[in-house]
Chemist: 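Let me give you the structure first, and then I'll get to my questions.
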Amino acid sequence: MMTSAIPTTTTPAEMLAKLRAQLPAALPTTMSATATPGNDLYEAYLFGLILEAAKIAGYTVEIRDSTKPAKQLHLRRSPGRIYSIGAPGRLYTHALLKVGNRPPLEVHTGVKFVGRSKVLHEADVLVIPQKDADRSRAAAVDPHSKSAFLIIEAKYWTKAVKLGTGREFLGLRRDSSAKAQVFVCTIAKASAIALLAGSPGVEYDDGVLPNRAVEESLRYFVHRLLRDYRDRQ
């Protein structure tokens, strides 16, 4: 069943509020509900959903730049490289997820990765082990998809995602060896959803916006991934 939803004039503020709810109270952000483009706020909102899922699974969450705790949240916008640290005073930030003795994970927005074909793709949201992110930063190279824990392809659209966009995601998925990859959008045509639903092993959610039931569906999917990672021996 399609659950698509069209963003409204209040959606940017709702997305930003959802993100801020997952950040330390005193941590400022460089984002604004009025000045930041909706697609960038959407990636930030999904970033916040991952933090929420991680906390539910017992992870601690830190906001960091490339070397230390961050003084503000400044997420990358597309396109970006994981080894580009940003300008002084505006360093790019990511989330660091820690649990037990498991290797820490990093959460980024708007970074490129290398697919099986050696072609560069962009991850709207990327979850990757810290050791692999450190390796990419040290060598100034883009991470390979085989290192990725989770890649999210996000479409913040007011017009429905068409069949061709669904096909593009399937092509991207075939070129990626990430542990998990999911297609997330606000609104989609029935043909696009039918294509994704009929493709074995494909994860997707349409209608993902604040305070909607599908938001919980995506959060639960991420929570299960993080829970299984936490419990792995």
Side-chain angles (χ1 to χ4, degrees), residues 3 14-27 29 31 41-66 68-70 73 75-76 82 92-111 113 123-136 143 145-154 173 176-185 201-233:
T3 54
E14 292 168 353
M15 292 191 296
L16 190 55
K18 283 281 188 174
L19 169 65
R20 284 179 170 156
Q22 302 306 321
L23 302 176
L27 187 73
T29 78
M31 311 190 93
L41 282 173
Y42 197 51
E43 292 176 10
Y45 156 66
L46 297 173
F47 174 94
L49 277 185
I50 293 176
L51 305 194
E52 184 178 8
K55 292 175 184 177
I56 293 170
Y59 288 71
T60 60
V61 176
E62 301 174 15
I63 305 300
R64 300 183 62 87
D65 58 33
S66 60
K68 62 185 183 302
L73 181 76
L75 297 177
R76 286 181 180 81
I82 202 168
Y92 292 125
T93 54
H94 60 270
L96 183 66
L97 311 182
K98 296 180 178 179
V99 65
N101 294 321
R102 299 292 292 143
L105 300 170
E106 292 186 2
V107 189
H108 294 262
T109 62
V111 292
F113 67 91
D124 294 319
V125 184
L126 171 71
V127 183
I128 185 171
Q130 183 186 38
K131 62 181 177 62
D132 294 298
D134 282 342
R135 187 179 300 118
S136 290
S145 65
K146 66 184 179 183
S147 301
F149 179 78
L150 171 65
I151 292 172
I152 295 181
E153 177 78 2
R173 183 174 175 272
S176 168
S177 47
K179 175 179 174 55
Q181 192 160 329
V182 58
F183 182 86
V184 177
C185 68
V202 172
E203 294 289 341
Y204 69 93
D205 274 308
D206 66 308
V208 177
L209 284 174
N211 307 313
R212 291 181 58 87
V214 187
E215 179 186 60
E216 175 59 27
S217 173
L218 178 61
R219 183 169 50 233
Y220 181 64
F221 171 73
V222 177
H223 171 264
R224 285 189 291 110
L225 288 176
L226 292 171
R227 177 205 62 194
D228 293 348
Y229 181 81
R230 176 199 67 195
D231 295 341
R232 193 179 310 155
Q233 298 300 316

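Just so you know, these numbers use all the heavy atoms, side chains as well, and skip hydrogens, waters and symmetry mates.
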Chemist: Do R64 side-chain atoms and L96 backbone N/O form a donor-acceptor pair below 3.5 Å?
Modeler: no

Chemist: Quick check: do V61 and Q22 have side-chain heavy atoms less than 4.5 Å from each other?
Modeler: no

Chemist: Distance-only, no hydrogens or angles: does the D206 side chain make a donor-acceptor pair with backbone N or O of C185 under 3.5 Å?
Modeler: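 Checking the backbone N and O of C185 against the side chain of D206, no donor-acceptor pair under 3.5 Å is found.
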
Chemist: Output the distance between atom OH (Y220) and atom CZ (R227), rounded to the nearest 0.5 Å.
Modeler: 6.0 Å

Chemist: Which heavy-atom pair separates D124 from A154 by the least distance, and what is that distance?
Modeler: OD2-N, 2.7 Å

Chemist: Please tell me if the side chains of Y42 and L209 come closer than 4.5 Å, counting only heavy atoms from C-beta onward.
Modeler: yes

Chemist: Would you say S217's side chain and A213's backbone share a donor-acceptor pair under 3.5 angstrom?
Modeler: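 No, because the side chain of S217 does not come within donor-acceptor range (under 3.5 Å) of the backbone of A213.
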
Chemist: Is L73 close to F47 at the side-chain level, that is, under 4.5 Å between some pair of heavy atoms?
Modeler: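 A side-chain contact exists here, since the closest heavy-atom pair is under 4.5 Å.
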
Chemist: Under 3.5 Å, side chain of R230 to main-chain N/O of A57, donor-acceptor pair present?
Modeler: yes

Chemist: Heavy atoms, side chains only, cut-off 4.5 Å: are Y229 and P103 in contact?
Modeler: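 Touching, per the 4.5 Å side-chain cut-off.
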
Chemist: More than 12 heavy atoms of other residues, nucleotides or ligands under 6.0 Å from NZ of K179: is that the case?
Modeler: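 No, the 6.0 Å shell around NZ holds no more than 12 heavy atoms from other groups.
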
Chemist: Whether D132 and R135 form a salt bridge (side-chain N of Lys/Arg under 4.0 Å from carboxylate O of Asp/Glu) is what I want to check.
Modeler: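 Yes, this pair counts.
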
Chemist: Is the backbone of E62 close enough, under 3.5 Å, to the side chain of K98 for a donor and an acceptor to pair up by distance?
Modeler: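 Checked: no pair found.
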
Chemist: To the nearest 0.5 Å, what is the distance between CG (L150) and CG (L126)?
Modeler: 8.0 Å

Chemist: Kindly compute the distance separating CG (L46) from CD (E215), expressed to the nearest 0.5 Å.
Modeler: 9.5 Å

Chemist: What distance do D65 atom CG and Y92 atom OH have between them, rounded to the nearest 0.5 Å?
Modeler: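 Answer for the CG-OH pair, D65 versus Y92, is 13.0 Å.
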
Chemist: Does the side-chain contact (heavy atoms from CB on, under 4.5 Å) test come out yes or no for V125 and I50, once each step is laid out?
Modeler: CA-CA 9 Å; V125 184; I50 293 176; 3.5 Å; yes

Chemist: If you define the side chain from C-beta out and look only at heavy atoms, does anything of H94 sit under 4.5 Å from V111?
Modeler: no

